[in-house]
Amino acid sequence: MNQLLCSTGAIITRKNNRNHHLLADIAPKIHCDGFEFMMYQSWYDTWEQIASDLAGMSLSFPVFHVEKCVGQGLSRNEEGDNEQAQKLFEINCIMAQRIGAQKLVMHLWDGIPSDSNIENNIEQYAYLNEIAQNYGLLLTIENVVCNQENPLLHFEELKQKYPDIAFTFDVKFAQFHDQLDLALSDGYRWLWAGAVRHLHISDYAGGYKEWDRLKSLHPGEGRINYDKLNGSLDYLRGLTEA
């Protein structure tokens with residue numbers, strides 16, 4: 001069964017000093033099936049206490065968004081970066097398990113380095129996926145923005161090397177790269193035949209790779225045609241189920 005989740009990133013922000021305690025009061029007012037919990041870099045010193053607090057809130061956190069600097073370290077690919085990324089990733093996995101998550105969303109590449117060392121990012125996926133499996137978690141890789149190539153190209157490379165890989169598809173990031181229609185075409189039917197296991201929904205008002213406009217908007221506030229998107233997804237699901 002599909003679930004409609006709310007990202008905790010919409011609630012816990014810099015403006016409220018990343019105060020995770022706010023979830024206890026705000027979450028019951030949001031009509032959703034659960035939450036995608038977003039981990040932040042500033043929480044590594046207190047992650048065990050935060051996990052304990054979250055577990056006591058009686059909220060559902062089916063999905064856990066891995067802290068973004070893990071992927072950034074893999075992208076930088078300097079001495080010790082891979083080992084540090086794996087160490088931080090395991091902390092994310094332990095925290096995800098403690099709050100009851102079953103699925104991870106990860107930026108396999110990120111930050112200023114982005115996909116400039118993509119071969120290393122792709123190679124490191126194998127080690128990260130093994131760690132995730134040890135904690136009973138499904139690791140999904142998101143189509144985050146690139147400054148060298150494009151997300152669909154890297155999805156293809158990952159799928160070729162790891163046939164059973166799972167993805168998170170973000171419609172905003174796809175639109176940013178002018179790849180949303182392409183991703184929904186028959187040529188990418190394989191994405192929707194089981195590879196995509198999670199969907200991020202928001203809107204984007206800019207054009208092709210307009211970096212200064214890369215911010216999340218509510219559906220309907222940007223350029224994404226959600227009627228067309230829903231129709232395409234229904235069509236593709238019908239083809240894969242036939």
Side-chain angles (χ1 to χ4, degrees), residues 7-20 23 35-51 53-54 61 63-99 101 103-135 137-149 151 154-155 158 165-170 172-173 176 198 200 202 211-212 214-216:
S7 171
T8 61
I11 302 169
I12 306 170
T13 68
R14 290 191 186 94
K15 293 182 179 179
N16 53 45
N17 296 316
R18 307 287 195 214
N19 184 1
H20 66 283
L23 282 173
F35 295 87
E36 177 177 325
F37 185 80
M38 180 169 284
M39 175 64 169
Y40 293 115
Q41 185 180 17
S42 60
W43 285 345
Y44 281 116
D45 290 339
T46 57
W47 71 267
E48 290 183 284
Q49 182 59 55
I50 293 173
D53 293 341
L54 295 171
F61 299 103
V63 180
F64 187 100
H65 198 302
V66 175
E67 192 267 310
K68 297 176 182 178
C69 284
V70 177
Q72 186 173 337
L74 300 178
S75 295
R76 186 172 52 234
N77 193 24
E78 296 177 356
E79 184 176 356
D81 278 340
N82 289 337
E83 293 77 11
Q84 178 67 2
Q86 291 176 24
K87 178 181 177 180
L88 294 179
F89 181 78
E90 185 161 16
I91 292 174
N92 281 258
C93 289
I94 298 171
M95 188 173 182
Q97 185 187 63
R98 289 189 184 180
I99 67 173
K103 188 182 299 180
L104 301 173
V105 173
M106 183 183 179
H107 294 191
L108 189 61
W109 56 93
D110 207 309
I112 294 175
S114 187
D115 59 332
S116 57
N117 293 299
I118 193 63
E119 294 82 6
N120 182 63
N121 303 77
I122 292 174
E123 180 181 354
Q124 289 300 310
Y125 165 82
Y127 302 102
L128 301 178
N129 189 48
E130 183 177 358
I131 294 171
Q133 289 179 343
N134 288 340
Y135 290 93
L137 299 165
L138 173 68
L139 175 59
T140 72
I141 303 304
E142 189 172 1
N143 59 319
V144 291
V145 297
C146 304
N147 61 22
Q148 299 295 316
E149 294 292 346
H154 300 325
F155 269 20
L158 284 161
I165 193 170
F167 297 113
T168 286
F169 188 83
D170 188 296
K172 175 190 68 178
F173 291 151
F176 175 79
H198 190 54
H200 278 173
S202 62
W211 293 95
D212 59 345
L214 184 57
K215 64 178 182 178
S216 294

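We use all heavy atoms of the structure for the numbers below, so side chains are in, but hydrogens, waters and symmetry mates are not. Numbering of residues begins at 1 and proceeds along the displayed sequence.
- Remark: side-chain polar atoms of Asn121 are not paired, donor with acceptor, to backbone N or O of Asp110 under 3.5 angstrom.
- Side-chain atoms of Asp170 never come within 3.5 Å of backbone atoms of Asn143 as a donor-acceptor pair (strictly under, hydrogens ignored).
- Annotation: side chain of His198 is in contact with side chain of Val105 (closest heavy-atom distance under 4.5 Å).
- Of the possible polar contacts, none joining the Ser75 side chain to the Trp109 backbone as a donor-acceptor pair under 3.5 Å is found.
- With Thr168 as reference, His200 is the one residue of His200, Met106, Glu36, His107 to meet the side-chain contact (heavy atoms from CB on, under 4.5 Å) rule.
- Within the 4.5 Å cutoff, no side-chain heavy atoms of Arg98 are placed close to those of Phe64.
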Using residues 122-130 as the side-chain source, report each donor-acceptor pair under 3.5 Å to any protein atom, sequence neighbours left out, with the distance given to one decimal.
residue, atom, partner, partner atom, Å
Gln124, OE1, Gln86, NE2, 2.9

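- Using a 4.5 Å heavy-atom threshold, the side chains of Ser7 and His65 count as separate.
- For Tyr40, the ring-ring contact (aromatic ring centres under 6.0 Å, His included) test picks out Trp43, with sequence neighbours left out.
- A donor-acceptor pair under 3.5 Å is absent between the side-chain atoms of Asn92 and the main chain of Val66, judged by distance alone.
- The shortest distance between side-chain heavy atoms of Ile12 and Met38 does not fall below 4.5 Å.
- Here the side chain of Glu142 pairs no donor or acceptor atom with the backbone of Val144 at under 3.5 angstrom.
- Using a 30° and 60° split on the angle between ring planes, Phe167 and Phe155 fall in the parallel class, below 30°.
- With Asn147 contributing its side chain and Ile112 its backbone, the two residues share a donor-acceptor pair below 3.5 Å.
- Looking at residues two or more places apart in sequence or on another chain, you find a ring-ring contact (aromatic ring centres under 6.0 Å, His included) between Phe176 and Tyr204, Trp211.
- Asp115 places a side-chain N or O within 3.5 Å of a backbone atom of Gln148 that can act as its donor or acceptor partner.
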